[in-house]
Number of protein chains: 2
Amino acid sequence: MTAPERGQATILDVARLAGVSRTTVSRVLNEPERVTPDTLAKVRAAADRLNFVPSAAARSLRNGRTGTIALLVGDVSQPFHGGLAKTISHEADDLGYSVMLYDLAHSETRLRRVLEKLPKQGVDAVVLATADALVEPETLQALDVLHEHGIPVLTTVDRDDARHALSLGFDYREPARAATSAMAGSGHGPVALLVGEGIGPLGRQLVAGYLDALSPGAPELVVETPYDFDGAQAAAAALLHRSSVGGILAATVPMAIGAIRAAEARGLRVPGDLVVLSGEEVPLAAQVRPAITTLSAAAERNGHAIMRLLADALAGRDAPRPPLEAELVVRESFVPTR
Amino acid sequence: MTAPERGQATILDVARLAGVSRTTVSRVLNEPERVTPDTLAKVRAAADRLNFVPSAAARSLRNGRTGTIALLVGDVSQPFHGGLAKTISHEADDLGYSVMLYDLAHSETRLRRVLEKLPKQGVDAVVLATADALVEPETLQALDVLHEHGIPVLTTVDRDDARHALSLGFDYREPARAATSAMAGSGHGPVALLVGEGIGPLGRQLVAGYLDALSPGAPELVVETPYDFDGAQAAAAALLHRSSVGGILAATVPMAIGAIRAAEARGLRVPGDLVVLSGEEVPLAAQVRPAITTLSAAAERNGHAIMRLLADALAGRDAPRPPLEAELVVRESFVPTR
DNA sequence: TTGTAGGCGTTATCAG
DNA sequence: CTGATAACGCCTACAA
């Protein structure tokens with residue numbers, strides 16, 4: 001009776017119980033085909049009986065990889081990030097990876113602290129799913145350190161700041177231009193853009209597209225707001241107070257909802273007096289009233305795309321990445337005339 | 001020049017560069033006070049210069065702990081779980097822990113697979129934040145295994161199935177009773193209960209409270225629906241089609257929204273013709289129209305409470321846990337008469 | 001096909 | 001106060 005002392009059973013306990021050597025047990029775990037069906041069964045039985053689970057720590061120490069990816073997200077409680085986290089969790093699981101979740105609360109300080117402890121945590125890859133701007137040099141340096149350690153970094157949006165990062169290549173500029181121009185064409189009045197404060201790489205694309213679409217003489221109404229409902233609602237209220245606005249392009253769905261509520265509070269009806277459009281697509285957009293028209297940058301699709309990129313990166317393949325394209329998902333808040 | 005070969009610098013590299021032994025370096029890391037200020041500075045400088053980060057794998061292998069907790073959640077893309085994940089992520093960070101996120105998609109198979117690989121992943125604690133029923137014996141067995149391995153399991157709701165789990169002790173039965181009774185008192189007609197399919201421990205509490213409140217002869221309208229908007233909307237549509245209903249108590253906010261949309265589709269107005277109440281409190285409840293009255297089982301508060309429990313468990317303390325209490329957060333969808 | 005032996009980077013024990 | 005040494009559990013040449 002080789003009872004494994006209380007606690008984990010080790011590969012050695014299994015070996016003893018099965019009457020073989022550690023090597024054989026290890027082989028059963030990693031290259032089952034190179035082992036006699038007979039011993040294989042014996043070992044498997046022993047492992048089962050001891051409830052054996054190989055130690056991840058020992059394994060990582062030995063072969064460098066941890067089977068873990070880090071997911072850094074601006075705010076998981078926001079629907080887009082939540083959806084992203086969900087699909088990434090599922091697909092990582094399919095790939096045999098586990099996901100470390102870090103909620104950044106849109107704070108660069110937090111991001112930096114996380115980035116700095118990541119090499120020590122020993123993750124195999126990092127998914128940086130925030131559209132926030134990175135201004136502090138330490139942050140970029142931390143990203144470089146990851147690169148030096150050979151840890152691939154994937155981002156959801158193209159960012160010039162994180163040089164070595166692999167990104168999806170989603171283009172938001174042209175969709176933003178088209179959307180702005182369509183909204184302007186609805187004849188309600190000037191179009192405004194609500195974008196996350198700090199204006200990160202995504203925000204820049206939206207602003208660029210928005211400005212592209214503005215006809216000469218049209219007012220440039222770019223408003224930075226916090227990423228959530230409350231912030232956007234307040235900002236939209238202020239905006240509507242000081243300018244006459246006929247259309248609002250909001251970066252996120254919660255921001256769009258905030259804008260709609262602000263409009264309602266002023267007695268404006270959507271889409272009757274004011275049209276609203278969101279840059280991201282999440283189920284919630286269809287569930288609120290008025291339902292929100294979006295640019296179809298869907299969380300789920302982004303999640304899939306990211307994970308494909310990640311699988312390639314982890315396998316050391318060069319990822320051929322077909323750029324993602326956006327199309328309008330028309331709902332109540334804005335029905336383009338044509 | 002003891003250049004650390006490309007890749008991570010090890011404790012040995014630091015030792016050599018500082019002209020001391022590994023032991024001393026380790027001490028500087030873990031018990032700085034037991035080292036001469038002089039050598040301490042020397043070692044710190046060397047570590048800095050080499051960009052040294054201790055290997056988490058080696059550390060775990062040596063001392064058993066990983067600094068990681070697992071968060072198992074029914075569906076992160078749902079607002080309640082998203083909020084929970086957010087606060088748990090933040091507080092774990094404050095405690096020096098990292099969070100592994102596992103999205104279960106409300107699937108027990110998935111849950112079982114995760115539970116079985118957790119001991120191998122080497123987590124220090126598990127937060128099981130799902131209200132789903134656990135029916136397969138293997139699942140419960142996997143929970144027992146965790147317990148045998150000395151890994152504490154915390155749950156958001158009391159569950160008789162997971163014997164060894166520490167839970168918040170939140171009582172949903174009495175609030176459900178009070179709410180049902182209040183809604184019945186609104187005089188719109190019979191009250192129905194929309195609860196997650198499978199009826200887990202939370203569902204059972206809701207059902208019990210609901211039944212407690214029913215006056216003799218009142219119809220028992222308990223409807224199981226998927227946990228999301230779409231499922232609840234469909235179920236509510238069917239319910240409204242076959243019964244006359246004056247009030248709906250929905251377990252989650254998305255379910256409540258689904259119910260409201262279903263009612264609207266039949267020409268019913270909320271709260272004019274039908275009142276609606278949700279069992280959980282999330283910001284979204286205040287953002288939709290009609291805004292949803294809730295029982296204030298707030299994601300954030302739950303997250304805090306869980307983490308306090310967890311901190312105690314990890315420190316080996318016995319947690320004195322004051323039970324959480326619910327109170328009505330009154331919004332548009334149901335204003336109790338009094 | 002199976003076994004032997006050494007080391008991955010840390011920390012704990014025990015000397016000095 | 002500091003250093004040598006032996007584990008932690010696993011994988012992988014290499015040898016049998």
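Reminder, nothing fancy here: chain letters follow the sequence lines and each chain counts from 1.
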Donor-acceptor contacts under 3.5 Å from residues 34-41 of chain A side chains, at least two apart:
unit_1, atom_1, unit_2, atom_2, d
Thr39(A), OG1, Thr36(A), O, 2.9

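Distance CD1 (Ile11(B)) to C1' (dT2(D)): 14 Å, rounded to an integer number of Å. If you take CG of Asn30(B) and C1' of dG9(C), they are 13 Å apart, rounded to a whole angstrom. In this structure, Leu12(B) places its CG atom 13 Å from P of dT11(C), rounding to the nearest Å. Remark: P of dC8(D) and CZ of Arg59(A) are 18 Å apart, rounded to the nearest angstrom. Atom CZ of Arg34(A) is separated from atom P of dG3(C) by 15 Å (rounded to the nearest Å). Spacing between atom CD of Glu31(A) and atom P of dC11(D) amounts to 10 Å, rounded to whole angstrom units. For the pair Leu40(B) CG and dT2(D) C1', the computed distance is 13 Å after rounding to whole Å. With rounding to whole Å, Arg27(A) atom CZ is found 13 Å from dC10(D) atom C1'.
Between Thr24(A) and dT2(C) there is no side-chain N or O to OP1 or OP2 distance below 4.0 Å.
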Pair Val99(B)-Tyr102(A), side chain to side chain contact (heavy atoms under 4.5 Å, CB included): steps then yes or no:
CA-CA 7 Å; Val99(B) 177; Tyr102(A) 295 95; over 6 Å; no

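Axis orientation changes by 40° from one end of the helix from dT1(C)-dA16(D) to dG16(C)-dC1(D) to the other, with each end axis drawn from 5 pairs and the value rounded to 10°.
Looking at Leu72(B) and Val127(B), their side chains never come closer than 4.5 Å, going by heavy atoms from C-beta outward.
Looking at heavy-atom distances under 4.0 Å, Ser60(B) makes no contact with the nucleic acid at all. Nucleic acid contact for Ser26(A): base, since at least one base atom lies under 4.0 Å from a heavy atom of the residue.
Side-chain atoms of Thr156(B) and Asn302(B) include no donor-acceptor pair closer than 3.5 Å.
Results of the side-chain contact (heavy atoms from CB on, under 4.5 Å) test with Leu140(A) over Leu115(A), Leu134(A), Val145(A) single out Leu134(A) as the only residue that passes.
Toward the 5' end of DNA chain D, the nearer of the two residues Asn63(B) and Ser21(B), judged by each one's closest nucleotide, is Ser21(B).
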Between the protein and nucleotides 5-8 of chain C, which nitrogen or oxygen pairs come in under 3.5 angstrom?
unit_1, atom_1, unit_2, atom_2, d
dG6(C), N2, Arg62(A), NH1, 2.7
dG7(C), N2, Arg62(A), NH1, 3.0

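Aromatic ring pairs are classed by plane angle as parallel below 30°, tilted from 30° to 60° and perpendicular above 60°; the pair His106(B) and His81(B) is tilted.
Using a 4.0 Å cut-off between charged nitrogen and carboxylate oxygen, Arg110(B) and Asp103(B) do not count as a salt-bridge pair. Residues Asp93(B) and Lys117(A) are paired through a salt bridge, judged by an N-O separation under 4.0 Å between the basic side chain and the carboxylate. Salt bridge annotation for Arg22(A)-Asp13(A): absent, with no cationic side-chain nitrogen under 4.0 angstrom from a carboxylate oxygen.
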